[in-house]
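What follows is a single structure, written as structure tokens, with notes after it.
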Amino acid sequence: MQKDWMKSNVTYTLVNEDHKKGVKHSFAYVTENVTAEKVASFAKILESLIDGNITDASVSSTDHVELSDAPKEQPAPAAPAAPKA
């Protein structure tokens, strides 16, 4: 079995006067091994640009898993037989 990273994204929750329960903002194209420090640093940058506070962040990644026991190639489907006249 082989596992390959495909993509990651981070979602921040913003709370302010207009969004008391919080509103989510997502960012794609996050590096494969993003650290908590970099996620927090970007949150501080966002807070400097907006009116409100970032209360939390969620990082999610998508991996592709190749199963070693699965067939590598699917056989081509057989052509249907011609009807007999």
Side-chain angles (χ1 to χ4, degrees):
M1 179 172 73
Q2 182 177 342
K3 182 173 147 184
D4 298 311
W5 172 82
M6 293 178 64
K7 64 182 178 178
S8 295
N9 65 11
V10 63
T11 302
Y12 293 94
T13 303
L14 165 69
V15 176
N16 64 15
E17 192 64 33
D18 295 329
H19 304 285
K20 295 183 187 329
K21 292 184 179 181
V23 63
K24 307 252 185 225
H25 294 280
S26 295
F27 295 86
Y29 303 104
V30 175
T31 187
E32 180 177 0
N33 296 317
V34 66
T35 64
E37 292 79 18
K38 290 190 181 206
V39 172
S41 294
F42 190 65
K44 291 200 182 300
I45 292 169
L46 291 174
E47 285 182 330
S48 72
L49 299 172
I50 58 173
D51 180 30
N53 296 315
I54 302 292
T55 59
D56 69 356
S58 299
V59 178
S60 61
S61 295
T62 302
D63 296 326
H64 175 263
V65 177
E66 184 177 315
L67 304 175
S68 59
D69 58 343
K72 297 287 182 195
E73 292 183 26
Q74 295 291 334
K84 294 183 180 182

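Within the 3.5 Å criterion, the main-chain N or O of T55 finds no donor-acceptor partner in the side chain of N53. With hydrogens and angles disregarded, no donor-acceptor distance shorter than 3.5 Å links the side chain of Y12 to the backbone of S58.
Residues V15 and G22 come closest through the heavy atom pair CG2-CA, 3.8 Å.
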**Item:** Criterion side-chain contact (heavy atoms from CB on, under 4.5 Å) on F42 and V34, from CA distance to verdict
**Value:** CA-CA 11 Å; F42 190 65; V34 66; over 6 Å; no
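Separation of atoms CG (D51) and CG (L14) is listed at 8.5 Å; rounding is to 0.5 Å. Here the NZ atom belonging to K38 is positioned 10.5 Å from the CG atom belonging to N33, to the nearest 0.5 angstrom. Interatomic distance, K3 NZ to D63 CG, rounded to the nearest 0.5 Å: 4.5 Å. Once rounded to the nearest 0.5 Å, the distance linking CD1 of I54 with CG of N16 reads 9.5 Å.
With contacts defined as side-chain heavy-atom distances shorter than 4.5 Å, the pair V65/Q2 does not qualify.
Hydrophobic clustering keeps W5 apart from V59 (ILVMFWY residues linked when any side-chain heavy atoms are closer than 4.5 Å, directly or through intermediates).
Each of S26, S61, S60 was evaluated against N9; a single residue qualifies, S60, per the side chain to side chain donor-acceptor pair (under 3.5 Å) test.
Annotation: E32, atom CD; neighbour count of heavy atoms from other residues, nucleotides and ligands within 6.0 Å is above 12.
Side-chain atoms of T11 and K24 include no donor-acceptor pair closer than 3.5 Å.
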